[in-house]
Structure formats: C-alpha cells, structure tokens
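For reference, the structure is listed below as structure tokens.
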There are 2 protein chains.
Amino acid sequence: MRLATRDNGTPDGELVAVSADGTRFARPGPQWPNLLAAIENWRESEPELRTLIADGGAPLDPTTLRAPLPRAWQWLDGSAFQTHADLMQVAFGHDPLPFDKPLMYQGMSDPFLGPCEAVPFRSEADGIDFEGEFAVIVDRVPMGCTAAEALRHVMLIVQLNDWSLRTLAVPEMKTGFGWVQAKPACSMAPLAVTPDELGDAWQDGRVCLDLLVDWNGERVGAANGREMAFGFHDLIAHAAATRELAAGTIIGSGTVANADYATVGSSCISERRAIEIIVQGQPQTPFMRFGDRVRMEATNKGQPGPFGAIDQIVTRHVPEAF
Amino acid sequence: MRLATRDNGTPDGELVAVSADGTRFARPGPQWPNLLAAIENWRESEPELRTLIADGGAPLDPTTLRAPLPRAWQWLDGSAFQTHADLMQVAFGHDPLPFDKPLMYQGMSDPFLGPCEAVPFRSEADGIDFEGEFAVIVDRVPMGCTAAEALRHVMLIVQLNDWSLRTLAVPEMKTGFGWVQAKPACSMAPLAVTPDELGDAWQDGRVCLDLLVDWNGERVGAANGREMAFGFHDLIAHAAATRELAAGTIIGSGTVANADYATVGSSCISERRAIEIIVQGQPQTPFMRFGDRVRMEATNKGQPGPFGAIDQIVTRHVPEAF
C-alpha cells in the first residue's frame with residue numbers, strides 16, 4: 001500500500017491512498033483525515049485504506065503532494081552506515097566515534113517539507129548539504145521494546161532528505177548537545193509505503209534499494225541501503241530503551257553510504273569532500289548554492305522504487321517583516 | 001492568567017482556566033479544547049480565556065492535573081546557567097564547553113508527564129536524576145527572529161523537571177549527537193501562566209523566582225532563575241536561527257543554578273556530586289532510588305509562585321508483555 005498527503009490547508013494535510021503505478025488516488029472516509037490519525041489507530045485504518053484503490057480513484061499529480069507525514073511528534077535520526085560515520089570523521093576532523101551501539105539524535109519533526117517544495121536557507125556560508133536517507137514510521141512502541149520485537153512496529157517506510165548545514169554542525173557537535181541550528185526541516189519523498197511494497201528489498205530491517213542522487217543533473221550517488229551496520233529494528237530498540245515512542249515516530253537510517261564509494265558515489269556533499277581529502281589532501285567540491293537542485297529517487301534493480309522522487313531547489317530565505 | 005489541563009481521556013487533555021488562588025477552574029468553549037489548539041490561535045483564544053474565571057468556576061484538585069501542555073511538536077532545552085555548565089563539566093569530566101552562544105538540544109516532546117504522576121525508569125543503575133527548570137511556550141516564531149523581537153512570542157511560562165539518566169548521558173554526549181536514551185519524558189508543574197502573572201519577577205527574559213527542590217523531604221536547592229547567562233529571548237533567537245518554530249514549541253532554561261551554590265544548593269543531584277568532587281575529591285551522594293520522591297515549587301520572596309508544585313515518586317518500569 002502506498003499513501004500520500006494532499007494539501008487541504010490544514011497542518012496535517014489530507015491522507016490519500018495511491019495506486020501501485022502512482023497515477024491515481026482515493027480518499028478514505030472522515031475517520032482517517034490524515035496519516036497521523038491513521039497511524040494512531042493502524043489496526044483499524046490499515047484494512048480500510050487497503051481497500052480504497054481497488055475502487056478506482058482520481059488522477060494524481062505527485063509534484064503537488066506534501067510530505068506523506070507533514071509533522072510528527074518525534075523524529076529520531078540514526079547514523080547507521082559505517083562508511084558514512086568514517087567519512088564524516090574525516091570531513092569534520094573529530095576523533096573516531098564509538099560504533100558499538102547506534103548513533104542517534106532527535107531532530108525537528110514539524111514540519112517535514114514536501115518533495116518538490118523550494119527549500120529556503122539563510123546563507124550559503126552555512127554549508128548547505130543534502131543527506132539521502134531511508135526511514136520508518138512506527139506505531140506506539142512500548143519502552144523497553146527489544147530489537148527482536150521491533151520490526152512488527154514498522155508500519156510504513158519513507159525516503160527523505162535530511163538537510164544539513166555543515167558549517168554549523170561541527171561546533172554544535174563539539175558541545176555534545178547534538179544539532180539544532182545545523183539540522184533544519186527535512187524533506188520527504190511523496191509516498192509512504194507498507195513494507196510489503198518493497199518485496200525482497202525489505203530484508204533484516206534494511207531497505208535494500210539503490211538511492212539515486214542527482215545534484216544539478218549530475219549523478220553523485222547510487223548507494224544501496226543494505227549496508228546499515230544496525231537495522232531499523234536495532235534503531236527502534238535503541239530509541240525505545242528508556243522512553244515510549246508515540247505513534248507516528250519517524251526513525252531514520254542516517255545518510256545511505258557504501259564501502260565501495262569509489263563506484264557508487266555519495267548521498268551527501270560532505271562525504272564527497274571527505275573522499276577528496278583522503279585522495280587529494282583537501283576538499284574540492286563546494287556546498288550548495290542558491291538555485292541548486294537536488295533529486296533523489298530510490299530504485300530497485302534499475303526500476304523506479306516505491307517512494308517517488310524528491311526534486312527540490314535551494315533558495316535564499318526572505319525574512320518576514322516583524 | 002493561569003491555565004491547566006484536566007484528563008479527559010484524550011492525548012491533549014482538556015484545557016481549563018484556573019483562578020488566581022488555584023482553587024477553581026472554568027472550561028472554555030469547544031473552540032479551545034486543549035492548550036495546543038489555543039496556542040495555535042492565541043490572538044483569538046487568549047482574550048476569551050481571560051474572561052473565564054471572572055464567571056466563577058468549579059473546585060479544582062491540582063494533584064489530578066496533567067501537564068498543562070501534555071505534548072508539543074518541539075522541546076528545545078537550553079543550558080543557560082553558567083554555574084550549571086561549570087559544575088556539569090566537573091561531574092561529567094569533559095573539557096570546558098564554549099559558552100559564547102547558548103547550548104541547546106532537542107528533547108522528547110510527547111508526552112510531558114503530569115506534576116504528580118509516578119515516573120517509571122528501567123534501572124537505578126542508569127543514574128536517575130532530576131533537573132529543576134523554567135521554560136517558555138511560544139507561538140509561531142519565524143525563522144530568523146532576533147533576540148530583540150523574541151520576547152513578544154512568549155505566550156506562557158512553565159516550570160518543569162527535566163528527568164535525566166546520568167550514566168547514559170556521558171557516553172551519548174561524547175558522540176556529539178546529544179541525548180536520546182539519557183533524556184526520557186520531562187514532567188511539568190500544573191499551571192502554565194502568562195508573563196504578567198510573574199509581575200516584576202519576569203525581567204529581561206528571565207524568571208526571577210527561587211526554585212525550591214526537596215528530595216525525600218530534604219531541601220536540596222533554592223536557586224533563583226535570574227542568573228541565566230542568556231535570557232529566553234536569546235534562547236528563542238538561537239533556536240529560530242535556521243528554522244521556523246511551530247506554535248507550542250517549548251524552550252527550556254536548563255537546570256537553574258546559582259554561583260552561590262554553597263548557600264542555595266542545587267536543582268539536580270549531578271551538581272551536588274560535582275561540588276562534592278570539588279570539596280572532598282569524590283562524589284558522595286548517590287542518584288535516586290525507586291521510591292524516592294522529588295518536589296519542586298517556585299517561590300517569590302517566600303510566597304508560593306504561580307506554577308503549583310511538581311511532587312513525584314520514582315518507580316521501577318514494568319515492561320509490557322509483547
């Protein structure tokens with residue numbers, strides 16, 4: 001099942017079910033006005049939502065969609081790819097981080113931007129970077145949930161861009177408090193899908209799809225999600241060790257990265273700069289400029305993946321008059 | 001104006017206005033079912049809410065109240081007291097942190113626990129500690145809001161206990177990712193109040209009240225909120241530098257601490273242990289045990305403050321059957 005959110009002027013938007021080919025949509029009844037409401041009562045909502053597209057549907061323009069979950073009570077982003085952690089250590093110049101348990105921070109969960117929204121930033125000097133990721137949306141997870149029990153809480157899988165401001169990230173990281181200024185709102189690909197939509201690409205709590213990343217039309221990354229050192233079940237158990245997770249909590253993989261980066265490239269600019277430091281002694285590639293475009297789409301053995309595409313332009317933020 | 005939230009079986013609870021003496025409450029109309037809805041449209045809700053108590057009201061038992069804001073889209077906690085930062089450096093054994101701009105992390109914002117709820121933790125070995133704080137609740141804050149403009153966004157002030165698990169905090173801090181496992185849900189005193197309720201105790205974006213902290217009946221802290229190195233306006237501007245803040249965002253002061261800790265004591269156990277390290281060479285005071293009680297109430301020159309009291313017992317978490 002593929003779900004999306006149309007703009008209806010409300011903060012949470014209007015939930016719709018989308019056909020397998022992505023061309024049609026159908027509205028559920030008023031009981032499930034938005035995805036968050038559906039996730040909060042998934043046992044009842046899921047069977048109803050699954051019947052919808054069989055009944056037909058209206059034509060869908062995916063470029064007009066919002067994030068499938070435009071806001072959530074919690075966004076916990078892991079950093080589960082060893083290659084990404086290793087390269088970021090080079091990029092940021094810090095000591096190696098322990099990797100015996102998942103790295104995770106809590107980020108901004110209201111809003112998640114839509115897949116084709118322009119994304120405003122205050123300054124190019126902040127080091128504007130994208131991070132291609134996969135993430136899961138869970139129902140309520142009790143505190144103390146084990147990794148062995150965690151996968152049954154994965155209701156939906158999404159693809160997102162965790163926008164990052166690298167110039168601000170290094171000093172925030174040094175405080176130990178994690179990132180606030182360095183991590184503004186993320187963007188989400190248009191379709192949230194149930195795990196069965198991935199078929200055998202959903203394995204051991206990992207999204208085994210290639211994430212194609214194009215920056216201003218140039219292919220910069222095609223890394224596969226299977227190389228997570230910790231699966232999503234491990235990330236969920238880590239997050240729930242001392243807290244209950246509210247329904248609708250989103251748990252991220254961190255930037256998708258592969259050991260064979262020389263072949264597949266990178267899902268963020270910082271990794272590319274780290275590779276340049278390793279190979280050439282210093283970084284060459286600048287961060288994003290206003291007007292730059294980034295496109296991200298997961299693919300399954302060369303066929304389009306189930307999430308649709310993120311395709312966005314970076315713009316200069318215009319301050320509001322106070 | 002003092003506002004509270006009664007339990008009505010919904011996640012957000014029922015918003016009520018409370019009389020100045022804290023003994024009576026009145027319900028607003030269905031337009032403002034909960035505090036989050038009211039904050040999202042404060043220009044309309046505030047004048048209506050202010051008229052309520054003049055009309056009478058029913059008797060209120062403050063010990064049955066939930067957190068005034070039981071969940072929010074965002075909780076950003078600062079660490080604005082230099083004395084707290086200095087002592088935590090001793091307690092945690094890390095290098096001095098830069099203090100030229102506010103320290104801030106994003107924490108769990110669903111749920112905030114009620115003032116008299118028992119608080120379950122998985123293990124005493126996690127180093128269970130309380131942190132007495134003040135916080136503000138803002139309406140929507142545009143990205144780029146300056147400190148000079150920020151105080152007009154402070155709609156309500158609250159008092160809270162930022163529960164912390166110290167054994168988990170040090171290794172999480174060393175990753176640079178901030179705290180997830182070390183920072184479970186916070187608790188909130190029963191009343192959220194408009195700044196005018198503080199009179200001249202609301203000065204320069206600081207809550208100039210003594211925060212009395214009693215642990216198992218012993219007074220351990222009476223620090224005053226005025227010694228923030230950064231006022232709440234600075235914290236709001238820091239938080240909004242690269243993101244818009246959703247209405248209902250809660251911004252915390254960090255643990256209230258004073259330079260004269262030898263006289264006023266501490267608002268958390270970790271500071272007390274740091275002082276013991278300084279004076280005696282090693283910490284003496286253990287962290288909390290199951291069954292321990294902590295009470296926190298702000299006072300204004302010896303008179304009760306406007307927030308009511310947090311009064312809670314720590315319990316052993318009972319895992320759910322999966």
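Lettering follows sequence order; numbering is per chain, from 1. These figures come from a predicted structure and were not determined experimentally.
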>> Restricting to non-hydrogen atoms, name the atom on A/Met173 and the atom on B/Thr175 that form the minimum distance, rounded to 0.1 Å.
In response: CE-O, 3.4 Å
> Which residue out of B/Arg122, B/Met104, B/Arg71 racks up the most heavy-atom pairs below 4.5 Å with chain A?
Replying inline: B/Arg71
>> Quick check for you: among B/Lys183, B/Lys174, B/His317, which has the greatest number of heavy-atom pairs under 4.5 Å with chain A?
In response: B/His317
> Among A/Glu40, A/Gln74, A/Met108, who wins on heavy-atom pairs under 4.5 Å with chain B?
Replying inline: A/Met108
>> Below 4.5 Å, heavy-atom pairs only: which of A/Ser109, A/Pro184, A/Ala241 has the largest tally toward chain B?
In response: A/Ala241
>> Using side chain to side chain contact (heavy atoms under 4.5 Å, CB included), reason through B/Met155 and B/Val138 one step at a time and then give a plain yes or no.
In response: CA-CA 5 Å; B/Met155 304 295 106; B/Val138 296; 5.8 Å; no
Considering only heavy atoms, which portion of [X] lies under 4.5 Å from any heavy atom of chain B: side chain, backbone, both, or neither?
| X | result |
| --- | --- |
| A/Ala185 | neither |
| A/Leu245 | neither |
| A/Leu103 | both |
| A/Ala72 | backbone |

> Are a donor atom and an acceptor atom from the side chains of A/Trp73 and A/Thr249 found within less than 3.5 Å of each other?
Replying inline: no
> Which residue pairs pass the side chain to side chain donor-acceptor pair (under 3.5 Å) test with at least one member in residues 89-103 of chain A, sequence neighbours excluded?
Replying inline: A/Lys101-B/Gln181
> Which atoms of B/Pro120 come close to chain A, meaning under 4.5 Å heavy atom to heavy atom: side chain ones, backbone ones, both, or neither?
Replying inline: backbone
>> Go through it in stages, so that I can follow the logic: the residues are B/Phe290 and B/Phe121, the test is ring-ring contact (aromatic ring centres under 6.0 Å, His included), and I'd like the CA-CA distance, side-chain angles, deciding distance and then a yes or no.
In response: CA-CA 8 Å; B/Phe290 295 135; B/Phe121 296 101; 7.7 Å; no
>> Working note: A/Glu244 + A/Val141, criterion side chain to side chain contact (heavy atoms under 4.5 Å, CB included); need CA distance, chi angles, decisive distance, verdict.
In response: CA-CA 6 Å; A/Glu244 178 177 311; A/Val141 178; over 6 Å; no
> What pairs with A/Asn8 under side chain to side chain donor-acceptor pair (under 3.5 Å), at least two apart in sequence or on another chain?
Replying inline: A/Thr10
